[in-house]
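Data block below; observations after.
Below, all heavy atoms of this structure are taken into account, side chains as well, without hydrogens, waters or symmetry copies. Throughout, a chain's letter reflects where its sequence line sits, starting with A, and its residues are numbered from 1.
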Amino acid sequence: MAHRAAQEIAPGSVVNLGIGLPTLVADVLPPDADVWLQSENGLLGMGPFPHEGEEDPQLINAGKQTVTLVPGASTFDSATSFAMIRGGHVDLAIMGAMQVAPNGDLANWSVPGGRTIGVGGAMDLAAGARRLVVVMRHQARDGSHKLVTTCTYPLTALGVVSRIITELGVFDPAEHHFSVVELAPGVTLGEVEARTGAPTR
Amino acid sequence: MAHRAAQEIAPGSVVNLGIGLPTLVADVLPPDADVWLQSENGLLGMGPFPHEGEEDPQLINAGKQTVTLVPGASTFDSATSFAMIRGGHVDLAIMGAMQVAPNGDLANWSVPGGRTIGVGGAMDLAAGARRLVVVMRHQARDGSHKLVTTCTYPLTALGVVSRIITELGVFDPAEHHFSVVELAPGVTLGEVEARTGAPTR
Amino acid sequence: MARTTKEVGSVVEALKDLEDGACIMVSGFGLSGNPEALIEGVLAGGKRGLTLISNNAGSIGEGLATWLRAGIVARVICSYVGNNEDLQRAMDDGTVEVQITPQGTFVERMRAAGAGIPAFYTPTGVGTLMAKGKETRIFDGRSFLLEHALHADFALIRAHRADPFGNVRFYRTSQNFAPAMASAARITVVEAEEVVDLGDIDADDVHLPGAFVQRVVHVPEHRDLIEIRTTRSAGT
Amino acid sequence: MARTTKEVGSVVEALKDLEDGACIMVSGFGLSGNPEALIEGVLAGGKRGLTLISNNAGSIGEGLATWLRAGIVARVICSYVGNNEDLQRAMDDGTVEVQITPQGTFVERMRAAGAGIPAFYTPTGVGTLMAKGKETRIFDGRSFLLEHALHADFALIRAHRADPFGNVRFYRTSQNFAPAMASAARITVVEAEEVVDLGDIDADDVHLPGAFVQRVVHVPEHRDLIEIRTTRSAGT
């Protein structure tokens, strides 16, 4: 999934990686990849994790992990960071999700009845990034569908998802169904249909 | 007038001086005065004019004059500069005026039938500075009143003037009249009344 | 004539007029870039019924979570709760009222307050729970929410370097919410690792001009806890 | 893998897709801090019917006033006309439509465009000619005007130093409108006095991050005309 997601990154683009699965995308990028990773706490040009002993407590990403800077990185305040995000200056956001609907609706911040963990920058990124790609498991741990006809979990943003990458393949929201862009090796359309809560073709 | 206006400046305060008469206030301040002059083109801590040969074409004030920096000066972009102004972080603005009314209304950017010279930052300063003091001639060159019952020239802002300093004295708008705070040496209240277009007491 | 200095001699003096029920903004992202001495100072000051405006309101029992543990906070405005067990508990108990705001809206509301903007429209949160009770308006065919300026009595921020006028430099990702908070509060207190002379920070290198700062306190040492220590393996 | 560079070899290349009728923001305050080569480049390019968004639109026949003289501008949005005789003449002739905006509103509208904010309320201009046709709304007992985001096709800005990603440092008061314009335009072109390598500008010293910039052109020499040369007498 992470490798496939990495293919969505155009050369020279500005990309924000959400917490969880999307973080793994950074791990599969070559060290000199032609991409500028943005972190919404005020960092553009995020590099790999530091070597042990070189952690800087005042240099973290939005997941609060210690990180490094690549040459050409910049730091700035949160107002500028979200101006960058909301104003369409982030080319691509890659996020995890709990539910996605064929109309592009995204739910990824809160489970009904679950503990409140807060929304962080997810709603701003979902509303503001030029393109939003979701990377997630095709189904929840309990087997329930995550690609659904209509999101039943609290929404993050309306009509924003461009593409979904799961272990079964690549899917694009197409208003009333999910369009199958690619199937993972060995996966059949029948299997996808059985494990998806909305029409797929 | 300039000396009297300088007395309005509290120690350590941030002050914006408008173009024209208010600029003269800077000239009467001691070189090490405890004041931070703000210029709306993006400068806080404006110093005196440069010595000949030391002019920097990229260091100007909002009147486009070459200036210098005092130790502790900062430069910033216009959005920050007007956030500073509109957000109430400028303690005092000293401005020229064409007309002022007892309700604090200010007209100082445009004469009906005159050439359009634009408004620059005057409306933002008038609306945003914590305190606004006007420094002006008591009457116009043609003898017409500048302290008037109601402004007839295009307004800059409503109810913003705290104090007016002219060659005749110091006056505070008091809703329906101008309150006489001080008379200049040798000036009588009768003279002020005769040269003022609104009740004065 | 000497210039008025904003530097005060102690944290106690910096917080002298902070009252019960005060609304306080605190910069930092989790435990990173916290104004640690000021956070401790408020706790030691014993004032209660505080409104805390902070992105995370502490974490793992540290930083602002100590305020929650001490029961001095009545209300929190934040964007993220996450692993802040103390905040979770306070929410569950109902002892603290918590308002969760999208992070971009959170900072833009403070930036607006500091810039004299009473309200603005944002695309963030349209059609979500965040839109509840808020005006929705369409511009150019797209829907936006009306959000209001967020002001405070105090802003407590951490700086790398400050001068006696309150000009500030930040270090790396510690800048975060500090400039917006500084602009939005009536009294901004800077906890600076270094205090330098006027002119030691070049005019073009000032991150936050002194006009936005009221007090500076010199605090050279910080714990600077690392919440999530991530490293790469040797050789990569 | 080499990183994509935003540096282009010439002004002509930097402006290659600028079309008739384009909306162009140009930074600078009067003739100070002008992107001089880009201003000349647009003039040489011969495109017409332009909308020019600039605080002063040139002065004393120089800078952007050359666009007005050449008759390539259809519309100007600015805050100040002052001693710009060419703009005065164009207004009087009716050959150019001029919209005058308070300077703070002017820059905030661009900042809003770049920050994804479609509209905001401001106290500036309430009760004046600037309020004509605009919504007035009361917040906390005070009146404010609704102002809308101001976008553009191009922003032409002057930088002291830039790197191939488009990270920028400005010098002194040349910063002015550049960051807001860069954020508000579809294509931002930076005219940089110096182009340095990635990493030569420390992360904490970047004034405008590369995400807001599309092209960089190296222009080492500038005329840098002084409009009002003011000096003090020797000995003071």
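- Inter-residue side-chain proximity for A:Ile9 and A:Asp91 is flagged as unmet; no heavy-atom pair is nearer than 4.5 Å.
- Of the listed residues D:Gly116, D:Gly199, D:Ala115, the one with more heavy-atom pairs under 4.5 angstrom with chain A than any other is D:Ala115.
- When each of D:Asp200, D:Asp205, D:Val206, D:Leu198 is checked for heavy-atom pairs under 4.5 Å with chain A, D:Leu198 comes out on top.
- Ion pairing between a basic and an acidic side chain is recognised when a charged N comes within 4.0 Å of a carboxylate O; D:Arg158 and D:Glu193 show such pairing.
- Between A:Arg4 and A:Glu182 a salt bridge is recorded (basic side-chain N to carboxylate O distance below 4.0 Å).
- Both the backbone and the side chain of D:Asp204 come within contact range of chain A, each with at least one heavy atom under 4.5 Å from a heavy atom of that chain.
- Aromatic ring centroids of D:Phe170 and D:His160 lie 6.0 Å or more apart.
- A:Ala127 does not touch chain D: none of its heavy atoms, backbone or side chain, sits under 4.5 Å away.
- The contact between A:Thr80 and chain D is made by backbone and side chain atoms together, counting heavy-atom distances below 4.5 Å.
- Looking at A:Val90, there are no atoms closer than 4.5 Å to chain D (heavy atoms on both sides), in backbone or side chain.
- Considering only heavy-atom pairs separated by less than 4.5 Å from chain A, the leading option among D:Ala211, D:Ala113, D:Pro164 is D:Ala211.
- At least one donor-acceptor pair under 3.5 Å links the side chain of A:Thr196 to the backbone N or O of A:Val192.
- Less than 6.0 angstrom separates the ring centroid of D:Phe177 from the ring centroid of D:Phe106.
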